[in-house]
A.B. asks: 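Let me begin by handing over the structure; questions about it come next.
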Amino acid sequence: MTGSPARPAPPTAAVLTTVLTISALYAPQPLLPVLQAAFGVSREAAAALTTVTFVPLALAPLAYGLLLERVPAARVLQVAVLALAASEFAFAAADDFAVLLVLRVVQGLLIPALLTAAMTFLSRRARTGGAPRALAVYVAATIVGGFLGRAVSGALAAAWGWRVSFVVLGVSLLAVAVGLVRLPGDAPPPASGRRTVGLGALLRRADLARAYGLIFTVFLVFAAIMNFLPFRLTELRPDADPARIGAMYAGYVMGVVSSLAAPAVVRRLGGERPAILLGLGVLVLALAGLAAGSVPVLGASMFVFCGAMFLVHATASGLVNRLAAVDERGRANGLYVAFYYGGGVVGSFAPGWVYRHGGWSGFLTALAGVAVVAWLVARRLPARFDLAVPAEFGDHVR
C-alpha cells in the first residue's frame, strides 16, 4: 500500500470498524446476569468475562504500537477484523463457561490491534494540525460502539436468546471487512533521521506520563460503573431483563456530544488542563447521582457520567497525539490504549469486592476517591499545549 493525500473526513470503513470493535468488547456486559444464570457461576466469575478481555488489552497495544511503525494500519485492520468475526461465531456456539473465558482472552488480543490501528490510521490521515479532531471522531465512534454493543445485544438476547447477539455481531464484522479492502493507504511515515524514541523514553516525559496516569484512573472508575451497573439494576428491579439493562447505557449518547465538542471546549477554556478538570468535576457529581435508589435517577445520572468521562477521554487522547511526533504516534497511541485498558482491568474486578462488602454506597465512595486522584494528576498537566512540548522531541503536528 502507498500513502495518499489526507482527506478532510475519516474513511467510513475505519470509523465503522471502531464502532463494531467496541461493540464486541462490551456486548456481553448487559448479559452478565443472564450468563451467570445460564452457566451457574458467581457474579464475580461472570464479571470476569470483561476482566479477562481487558488484561491483554492493557498489554498488547505496546507491541501493536511498535508494529504500526512498520506496517500500514489499514493492513492490520483488514486482518484483525476477520479474526474477531470468527471469534464471535465461536462465542455464540460455546457450551462451556471456560471456553467463553478463553475466547474473551483471544478477543482481548484482537481488539487492541484494531483500536490502536484505527487511532493511528485516523491521526496519520488527518490534515496538518487536525489530529485532535480526528481523535475526537475516533472517541465518538467508540462511544457509539459502546452503546450499540450493549443496547443491541440486550435487545436481541431478550427477543431471541443471548447467542443470537454474537451471531449478529460476527456477521456485522464480516460486512465491514468488505469496506476495509478499499480503505485508502497509510504507509508509515519515513524515518525522520533522528534517533528513534522508545517506549521508555516516552514514559519518562512528564507530560505524556501524566496523561497516561490520568486516563488509567478515569477509565478505572468508568469500567467499574459499566461492569457492575447490571447487578445494581437487578437489585433495584429484580424483573429487569437484558433489554432493560441494555437501555440503561443510553447515557453513552452524551459521550458522542461531549467528545465531538471537546476541541471547542479546549479552545473556549484556553487549554487541555481546564477542560479535563471540568470533566472530572462533573464526573464526581455524577457519582453522587448514581447513589440514588431510583432507577430513573440512576439512568439520568448515567447521561452526566458518560458525558463527563468522554470529555476527559477525547481531550486526553487528542493531547497525546499532539505531544507525540508523527513517527511516534503508533507507540504513543499504543501506550495510551494500554493505560486506558489497564485501568479497565482493575476497575472491572477490584471494585466488585468493595461492592460485595460495602454495598453500592461503599462502592461509589471508593470510586469517588479514585476520581479525586485523577483530578490531582490532571492539575499537573500542562496549562497550555504550546508550553508543553520540549523542542528536543522533534517536529510535531500542530
Side-chain angles (χ1 to χ4, degrees), residues 22 25-26 29 32 44 47 50-51 53-55 57-58 139 142-143 146-147 150 210-233 248-249 251-252 254-255 258-259 262 273 275-292 297-317 319 336-381:
I22 294 294
L25 175 60
Y26 293 121
Q29 229 165 35
L32 292 181
E44 289 75 21
T50 301
T51 304
T53 311
F54 280 159
V55 171
L57 267 165
V139 171
T142 68
I143 297 164
F147 171 62
R150 294 171 169 110
R210 287 168 185 156
Y212 294 144
L214 165 73
I215 204 60
F216 177 93
T217 51
V218 171
F219 195 64
L220 187 160
V221 175
F222 188 73
I225 294 295
M226 296 296 109
N227 218 37
F228 291 97
L229 179 67
F231 300 109
R232 175 58 175 171
L233 186 59
M248 285 298 294
Y249 293 98
Y252 249 67
M254 275 303 297
S258 62
S259 63
R273 185 174 71 183
I276 290 171
L277 290 173
L278 171 64
L280 289 172
V282 175
L283 186 144
V284 172
L285 292 176
L287 287 174
L290 290 170
V297 174
L298 191 70
S301 297
M302 284 295 293
F303 279 84
V304 180
F305 179 74
C306 292
M309 187 276 176
F310 285 109
L311 172 61
V312 174
H313 178 22
T315 304
S317 62
L319 175 62
Y336 185 90
V337 175
F339 276 91
Y340 185 86
Y341 288 109
V345 170
V346 179
S348 65
F349 79 91
W353 299 105
V354 181
Y355 190 1
R356 174 181 287 273
H357 298 290
W360 185 248
S361 60
F363 172 81
L364 291 176
T365 300
L367 294 181
V370 176
V372 170
V373 172
W375 189 84
L376 293 173
V377 172
R379 277 183 55 84
R380 300 190 65 193
L381 289 171

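Predicted model only: the values in this text are computed from it and were never measured.
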A.B. asks: If we only count heavy atoms from C-beta on, is the Met302 to Met226 side-chain gap below 4.5 Å?
C.D. replies: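 Yes, at least one pair of side-chain atoms sits under 4.5 Å.
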
A.B. asks: What orientation do His313 and Phe310 show, parallel under 30°, tilted 30 to 60°, or perpendicular over 60°?
C.D. replies: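 Because their plane-to-plane angle lies in the 30° to 60° range, the rings of His313 and Phe310 count as tilted.
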
A.B. asks: Run the side chain to side chain contact (heavy atoms under 4.5 Å, CB included) check on Leu283 and Leu311 step by step: do they pass?
C.D. replies: CA-CA 10 Å; Leu283 186 144; Leu311 172 61; over 6 Å; no

A.B. asks: Go through Val304 and Leu285 one step at a time and tell me if the side chain to side chain contact (heavy atoms under 4.5 Å, CB included) criterion holds.
C.D. replies: CA-CA 9 Å; Val304 180; Leu285 292 176; 5.8 Å; no

A.B. asks: With a 4.5 Å limit on heavy-atom distance, are the side chains of Leu25 and Tyr341 in contact?
C.D. replies: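 Yes - at least one pair of side-chain heavy atoms lies under 4.5 Å apart.
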
A.B. asks: Identify the heavy atoms of Gly255 and Ile143 that sit nearest to each other, and give their distance.
C.D. replies: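 Minimum heavy-atom contact is O-CD1, 2.9 Å.
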
A.B. asks: What's the shortest heavy-atom distance between Cys306 and Gly251, and which atoms?
C.D. replies: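 That would be CB-O, 3.3 Å.
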
A.B. asks: Using the rule side chain to side chain contact (heavy atoms under 4.5 Å, CB included), only one of Val282, Ile225, Val284 pairs with Phe305; which is it?
C.D. replies: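 When side chain to side chain contact (heavy atoms under 4.5 Å, CB included) is applied between Phe305 and each of Val282, Ile225, Val284, only Ile225 qualifies.
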
A.B. asks: Would you say the side chain of Val312 lies within less than 4.5 Å of the side chain of Leu280, judging by non-hydrogen atoms?
C.D. replies: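 Answer yes - side chains close enough.
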
A.B. asks: Of all the heavy-atom pairs spanning Phe231 and Leu32, show the shortest one and how long it is.
C.D. replies: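 It is CZ-CB, 4.0 Å.
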
A.B. asks: Can you give me the closest heavy-atom contact between Thr315 and Ala262, atom names plus distance?
C.D. replies: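 In terms of heavy atoms, the two residues are closest at OG1-CB, 3.8 Å.
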
A.B. asks: Which atom pairs, donor and acceptor, lie under 3.5 Å between side-chain atoms of residues 210-224 and protein residues at least two apart or in another chain?
C.D. replies:
{"residue": "Arg210", "atom": "NH1", "partner": "Arg380", "partner atom": "O", "Å": "3.1"}
{"residue": "Tyr212", "atom": "OH", "partner": "Ala332", "partner atom": "O", "Å": "2.9"}
{"residue": "Thr217", "atom": "OG1", "partner": "Gly213", "partner atom": "O", "Å": "3.3"}
{"residue": "Thr217", "atom": "OG1", "partner": "Leu214", "partner atom": "O", "Å": "2.8"}

A.B. asks: Please identify each residue that fulfils side chain to side chain contact (heavy atoms under 4.5 Å, CB included) with Ser348, with sequence neighbours left out.
C.D. replies: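 By the side chain to side chain contact (heavy atoms under 4.5 Å, CB included) rule, Ser348 matches Thr50, Thr51, Phe54, Asn227.
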
A.B. asks: Are the side chain of Arg379 and the backbone of Trp375 linked by a donor-acceptor contact shorter than 3.5 Å?
C.D. replies: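 Not at all, since once roles are kept as given, no pair shorter than 3.5 Å links the two residues.
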
A.B. asks: Would you name the heavy atoms of Ala308 and Gly279 that are closest together and state the gap between them?
C.D. replies: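 Looks like CB-O, 3.3 Å.
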
A.B. asks: Which distance, rounded to the nearest 0.5 Å, do you find between the OH of Tyr249 and the CD of Gln29?
C.D. replies: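 Output value for this atom pair is 4.5 Å.
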
A.B. asks: Rounded to the nearest 0.5 Å, how far apart are CG of Leu364 and OH of Tyr355?
C.D. replies: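 OH of Tyr355 is found 9.0 Å from CG of Leu364.
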
A.B. asks: For a quick test of reading the model, state the closest non-hydrogen atom pair linking Leu367 to Pro351 and the distance between them.
C.D. replies: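 Reported closest heavy-atom pair: CD2-CG, 4.2 Å.
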
A.B. asks: Would you please classify the geometry between the Trp353 ring and the His357 ring as parallel, tilted or perpendicular, with 30° and 60° separating the classes?
C.D. replies: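 Because their plane-to-plane angle is under 30°, the rings of His357 and Trp353 count as parallel.
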
